[in-house]
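For reference, the structure is listed below as structure tokens.
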Amino acid sequence: MQKNIRKGFTLIELLIVVVIIGILAAIAIPKFAATKDKAKLASVKTDVRNIMGSMESAASDDGAYKTLTQGTDFTASNGNVATAVAAGAGNGYTITVVNSSITAGFTTCTVSVGANATPATDGVITCS
């Protein structure tokens, strides 16, 4: 008498594995998207700090702050658009960097220095 031995997985076992994989994917995908947005916001903050350095360097050379141009005086990271505007008489500046591809949370960071800032916000990077 010969026994029929079947090898392989049953439909129920395969279904359970597929459900578990689906649950894991449902948890992991949103966390990955949030991580990408955090990295993009970090690049926005880094660009603000780098442009601040460019503004201070230009002021050191010229004796006053001047409006800088993206692409000529500095280069923003991929996806970021930056403006660096000097105050009248060159005694302060405001820098704004925006990344519109950020899907959730803050997309813009700004810093004001000198005449463009209050004492509490002078040189403080704020994001909104």
Side-chain angles (χ1 to χ4, degrees):
M1 188 184 230
Q2 225 177 17
K3 290 186 180 180
N4 256 349
I5 299 175
R6 292 184 175 174
K7 293 183 179 184
F9 298 105
T10 65
L11 183 59
I12 296 295
E13 290 169 332
L14 291 174
L15 185 62
I16 290 172
V17 170
V18 168
V19 167
I20 290 171
I21 291 173
I23 291 170
L24 291 174
I27 293 169
I29 290 172
K31 290 197 179 289
F32 178 69
T35 301
K36 284 175 41 178
D37 283 344
K38 286 179 185 177
K40 289 176 184 177
L41 183 60
S43 79
V44 170
K45 290 179 182 177
T46 299
D47 280 352
V48 170
R49 287 186 193 99
N50 289 339
I51 298 167
M52 284 177 73
S54 295
M55 289 294 269
E56 296 298 332
S57 176
S60 175
D61 293 344
D62 301 337
Y65 296 111
K66 65 177 187 171
T67 298
L68 301 180
T69 307
Q70 182 171 332
T72 304
D73 300 312
F74 64 89
T75 303
S77 300
N78 256 356
N80 293 348
V81 177
T83 55
V85 180
N91 56 1
Y93 62 86
T94 301
I95 298 169
T96 303
V97 180
V98 179
N99 187 322
S100 57
S101 68
I102 297 175
T103 57
F106 301 134
T107 60
T108 304
C109 290
T110 304
V111 66
S112 294
V113 173
N116 288 8
T118 65
T121 62
D122 193 8
V124 177
I125 298 172
T126 57
C127 297
S128 58

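Keep in mind that what you see is a predicted model, and the values were worked out from it rather than measured.
Taking OG1 of T103 as the reference point, atom CG of D37 lies at 3.5 Å (rounded to 0.5 Å). To the nearest 0.5 Å, atom OG of residue S54 and atom OH of residue Y93 are 9.5 Å apart. Atoms CG and CG, on D47 and N78 in that order, are 10.0 Å from each other to the nearest 0.5 Å. Between the CG atom of D73 and the CE atom of M55 there is a distance of 9.5 Å, given to the nearest 0.5 Å.
For F106, the CZ atom sits in a loose shell: 12 or fewer heavy atoms of surrounding residues, nucleotides or ligands are nearer than 6.0 Å. The environment of D61 atom CG is dense: over 12 non-hydrogen atoms of other residues, nucleotides or ligands sit within 6.0 angstrom. Heavy atoms of other residues, nucleotides or ligands lying less than 6.0 angstrom from CD1 of I12 number 12 at most.
Side-chain contact between L41 and C109: present, with at least one pair of heavy atoms (C-beta onward) separated by less than 4.5 Å. Between C127 and V44 the shortest side-chain heavy-atom distance does not fall below 4.5 Å.
Using a distance-only test at 3.5 Å, with no hydrogens or angles considered, a donor-acceptor pair links the side chain of T35 to the main chain of K31.
Linking Ile, Leu, Val, Met, Phe, Trp and Tyr residues whenever their side-chain heavy atoms come within less than 4.5 Å leaves V85 and I125 in two separate clusters. When hydrophobic clusters are built by joining Ile, Leu, Val, Met, Phe, Trp and Tyr residues whose side-chain heavy atoms come closer than 4.5 Å, directly or via intermediates, I27 is grouped together with V19. In the hydrophobic clustering of this structure, F32 does not group with I102; members are Ile, Leu, Val, Met, Phe, Trp, Tyr whose side-chain heavy atoms approach within less than 4.5 Å, directly or through other members.
Nearest heavy atoms, G123 versus V111: C-CG2, 3.5 Å. In this structure, T67 and A86 approach most closely via the heavy-atom pair OG1-N, 3.1 Å. In terms of heavy-atom proximity, A82 sits nearest to A76 at CB-CB, 4.4 Å. Nearest heavy-atom pair across V48 and I95 is O-CD1, 4.2 Å.
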Open item on the list: Let's go through V113 and M52 carefully: what are the C-alpha distance in whole Å and the side-chain angles of both, what is the deciding distance for side-chain contact (heavy atoms from CB on, under 4.5 Å) to 0.1 Å, and is it a yes or a no?
Closed with: CA-CA 9 Å; V113 173; M52 284 177 73; 4.3 Å; yes
Review point. What do the steps show when you test V98 against N80 for side-chain contact (heavy atoms from CB on, under 4.5 Å), and what is the final call?
Key: CA-CA 6 Å; V98 179; N80 293 348; over 6 Å; no
Might you work through the side-chain contact (heavy atoms from CB on, under 4.5 Å) test for S77 and T46, ending with a clear yes or no?
-> CA-CA 9 Å; S77 300; T46 299; 5.9 Å; no
Point to revise | Stepwise side-chain contact (heavy atoms from CB on, under 4.5 Å) test for V17 and E13 | key: CA-CA 6 Å; V17 170; E13 290 169 332; 5.8 Å; no
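For the side chain to side chain contact (heavy atoms under 4.5 Å, CB included) test with V97, the passing option among I51, N50, T108 is I51; the others fail.
The closest side-chain donor-acceptor pair between S43 and N99, if any, does not fall under 3.5 angstrom.
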